[in-house]
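The structure under discussion appears below in the form of structure tokens.
Below, all heavy atoms of this structure are taken into account, side chains as well, without hydrogens, waters or symmetry copies.
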Amino acid sequence: MRWPVGRPTTVRARIVALALAPAVALTALWSFAMVSVTAELRALIRIQGVYDDFGTPVDTAVGQIQIERRLSAAYLGARPDTATATGLLAQQRRTDRAVDAMRDAVRDGDRGRLTDRQRQSLDAMVTATDGLERLRARVLSRTISWDTAVADYSALVEPGFDVESTLTALQAGQLARESQVVVELVRVREFVSREDALVAGARAAGRLTDRQYDTLTATIEDRRVFERTYVPDLPSDSRTLFETFQGGELHRSLVRGEDALLRAGADRAGAAVAADTWRSTTDRAVKRYMLLCTRSAENSAARGRAFAYRELAKAAVVGVAGLAAVGLSLWFAVRGARRISRRLELLRDAADVLTARQLPALMERLSAGEDVDAVTEAPPLAAGEAGDDEIGDVGRSFNRARLAAVEAAVRQATLRRGLFAVLLNIARRNQALVHRQLKLVDTLERRTDDPAVLGELFHIDHLTTRMRRHAESLIILSGATPGRRWRRPVPIADVVSSAVGEIEDYTRVVVPPMPEVGVAADAVADVVHLVAELLENATVFSPPHTRVTLRTARVGHGFTLEIDDRGLGLDPEQLTEAHRTLTAPDAFDPTRHDRLGLYVVGRLAARHGIEVTLRDSPYGGTTAVVLLPEAVLADVEPESGRRDGSAAGALSSYGGAPAAEPSRDSGFGHRPVPGPSADRAPGATPPLPTRTRQASLAPELRTERAAGETRDLDADEMRAVFGAFQRGLDRGRRGLPAGPEEPDHTEERTRADHDQ
């Protein structure tokens with residue numbers, strides 16, 4: 001699984017992150033607890049090795065210092081004696097060797113196994129032995145009393161008991177108490193050794209002072225109190241060792257000697273016990289106490305190790321269980337996240353299918369006029385309905401929104417069809433009225449010879465022609481096809497001339513000579529309308545004193561017509577929007593009234609495969625390039641075989657039409673450039689030629705009626721014509737094939753008159 005940078009961005013990643021945070025915290029706490037617990041347990045397991053490496057050297061050094069203490073007391077208590085001095089010096093050398101071994105062990109040993117407290121106690125013991133030389137100097141120079149020397153030597157060995165305590169300290173309930181008892185019993189050995197030193201001093205001096213005697217008796221009492229207090233607290237195995245010793249002869253001999261010292265008093269304490277007997281008893285007692293304490297410490301260490309192994313085993317089980325719990329929580333989190341993510345992905349995929357395929361297909365069917373059932377076209381999404389949780393609620397809400405969207409699309413499509421039907425109905429009525437108006441104007445033009453009246457009629461004729469084009473634009477936007485049709489191909493020159501004649505400022509359009517290329521009959525009306533829309537846009541959105549030029553060329557895959565205006569041009573965003581309108585004319589938006597001309601051009605171009613593109617004009621405005629494909633082109637009758645149909649002839653019929661306000665509803669979005677026309681004075685009326693209707697058009701563009709025929713249709717004939725038109729229109733709407741003309745009926749004529 002890919003983890004995103006920074007904050008998680010997917011639901012799955014966020015769920016896993018939510019589960020991972022407490023899992024990491026739990027793992028950290030578990031790790032801390034395991035380290036803390038196992039550290040104590042590992043210390044219990046290492047206690048024997050640590051004591052052997054550090055405790056034994058300290059214990060040996062303490063024993064040698066205790067012996068040196070006794071000999072120093074004997075040396076200071078008696079008169080100078082070579083033998084006594086020699087024995088003291090020999091003991092000092094043994095003490096030095098033991099102290100050096102202790103220092104080496106403390107300095108070179110693996111101190112990483114020790115706690116801070118243990119290292120401090122060992123360092124304190126080493127520091128205490130640094131004062132051994134100064135004390136010896138005072139002893140050998142006899143500048144210190146024997147009892148003070150005993151006290152100073154006792155101070156030197158005191159840190160050793162702290163070392164014993166820290167090295168054997170066990171932080172595990174009963175084991176801690178047992179370890180402390182063993183340490184306290186180690187002091188019993190010190191008390192026996194101190195008794196021996198005091199007796200040696202008293203024997204050498206011959207008597208004890210009251211203070212010295214009090215020290216001796218206090219030491220004897222301390223030994224007895226410690227032994228009576230701490231031996232019963234030992235575990236059974238260690239307690240049995242001490243009780244066996246207490247029941248033996250050596251312990252009884254020690255007790256008898258101590259009793260004799262207690263009874264003798266200060267003056268006779270030196271002679272209270274026999275020297276050899278006391279010497280032998282205390283030496284053996286010290287060694288026996290040392291052995292008992294060592295055995296007790298070993299027993300305590302063994303129990304500590306056993307306890308540690310048991311606790312480690314428990315800790316291992318707990319640790320494995322903790323890791324398993326963390327792993328399971330993560331697994332459940334990932335699994336749950338995967339399930340939620342999968343359900344959301346299914347819901348997303350269903351939504352994508354709806355928006356990418358179903359709704360567009362539905363809109364296409366609605367645009368094609370199909371009847372669509374919203375419930376059938378919007379079945380519930382199974383992926384979203386599953387489950388009673390929040391995702392299921394989202395799925396059900398989405399299904400309701402999906403149904404509402406489809407119903408809204410159906411309603412909009414119905415409304416759109418109704419709107420287009422209204423537009424088509426109005427356009428058809430306007431078209432019929434415009435045709436009637438054209439016939440009426442044509443009749444009036446033929447009946448008058450007054451140039452002023454004829455000029456006004458030409459104005460009306462031209463405006464009516466433009467009205468017809470706008471009515472046809474409404475028909476095209478509504479999705480229908482205008483009624484004008486030609487039976488034969490028409491030269492491209494005549495098509496362009498007709499388009500020029502359908503715009504207001506036709507006099508500003510410069511039409512160049514064109515090759516002998518024809519437009520297929522079924523495309524003539526649409527090409528005329530398309531070119532007229534582009535020409536009108538060019539005239540409206542360029543200064544009124546400028547010309548609109550055309551360029552034509554025969555290319556390898558069709559025929560091109562370029563229309564250049566001299567307006568302000570389009571910015572990139574406007575150009576992109578215009579191209580989008582031209583290439584997607586079916587997405588007609590009635591609210592974009594400033595794009596109606598583009599929509600009309602786009603639909604006409606799409607109907608015949610014509611390519612219309614816009615680009616920046618070299619004159620500063622916009623160039624519209626129209627590419628007529630080969631399917632739109634056709635061969636036409638040579639020029640010599642046709643009557644005059646040139647562009648000049650076509651334009652001459654409209655030469656006297658005055659300028660009117662430009663239509664602003666069919667442009668590309670330019671800003672029209674206001675200003676008076678430079679080549680026409682206001683109010684000027686150019687000379688008018690005598691006009692014969694359709695005389696200047698090519699034969700293909702003329703109506704079936706002869707050019708010179710002036711007979712008007714009476715009312716019955718007009719009703720019959722429009723009745724036939726209405727019947728054909730109704731049959732076309734019902735999808736019925738064209739058939740023989742049905743007989744005229746009064747009801748149909750009345751309906752036709754009403755519709756018109």
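Distance check, rounded to the nearest 0.5 Å: OG1 of Thr229 to CZ of Arg224 gives 13.5 Å. Here Leu261 contributes atom CG and Arg256 contributes atom CZ; the two are 13.0 Å apart, rounded to the nearest 0.5 Å. Here the CG atom belonging to Asp147 is positioned 11.5 Å from the CG atom belonging to Asp214, to the nearest 0.5 angstrom.
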Verify salt bridge (Lys or Arg N to Asp or Glu O under 4.0 Å) between Glu227 and Arg187, making sure each step is shown before the conclusion.
CA-CA 9 Å; Glu227 188 171 346; Arg187 292 183 176 273; over 6 Å; no
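Contact check for Phe242 versus Cys293: side-chain heavy atoms found under the 4.5 Å cut-off. Using a 4.5 Å heavy-atom cutoff, the side chains of Leu234 and Asn299 are not in contact. For the pair Asp116 and Arg119, the minimum side-chain heavy-atom distance is below 4.5 Å. Contact check for Leu156 versus Thr129: no side-chain heavy atoms found under the 4.5 Å cut-off.
The environment of Arg295 atom CZ is sparse: at most 12 non-hydrogen atoms of other residues, nucleotides or ligands sit within 6.0 angstrom. No more than 12 heavy atoms of other residues, nucleotides or ligands sit less than 6.0 Å from atom CD of Glu573. At most 12 heavy atoms of other shown residues, nucleotides or ligands fall within 6.0 angstrom of atom CZ in Arg339.
For Phe245, the ring-ring contact (aromatic ring centres under 6.0 Å, His included) partners are His251, Tyr289, not counting sequence neighbours. Checked against side chain to side chain contact (heavy atoms under 4.5 Å, CB included), Ala90 has the following partners two or more places apart in sequence or in another chain: Arg93, Arg94. With sequence neighbours excluded, no residue satisfies side chain to side chain donor-acceptor pair (under 3.5 Å) with Thr127. Under the rule for a side chain to side chain contact (heavy atoms under 4.5 Å, CB included), the partners of Val62 that lie at least two apart in sequence or sit in another chain are Val58, Gln66, Met125, Val157, Arg189. Remark: Ala98 pairs with Thr60, Ala61, Gln64 by the side chain to side chain contact (heavy atoms under 4.5 Å, CB included) rule, at least two apart or across chains.
At a cut-off of 3.5 Å, with distance as the only test, a side-chain donor of Gln91 or Thr95 sits close to an acceptor on the other residue. With no hydrogens or angles considered, a side-chain donor-acceptor pair links Arg400 and Ser397 at under 3.5 Å.
A salt bridge links Glu190 with Arg69: the closest approach of a Lys/Arg side-chain nitrogen to an acidic carboxylate oxygen falls below 4.0 angstrom.
Checking Thr219, Leu198, Thr215, Leu216 one by one against Val150, the side-chain contact (heavy atoms from CB on, under 4.5 Å) holds for a single residue, Leu198.
The stretch residues 123-135 participates, sequence neighbours left out, in these salt bridge (Lys or Arg N to Asp or Glu O under 4.0 Å) pairs: Arg103-Asp130, Arg111-Asp123, Glu133-Arg136.
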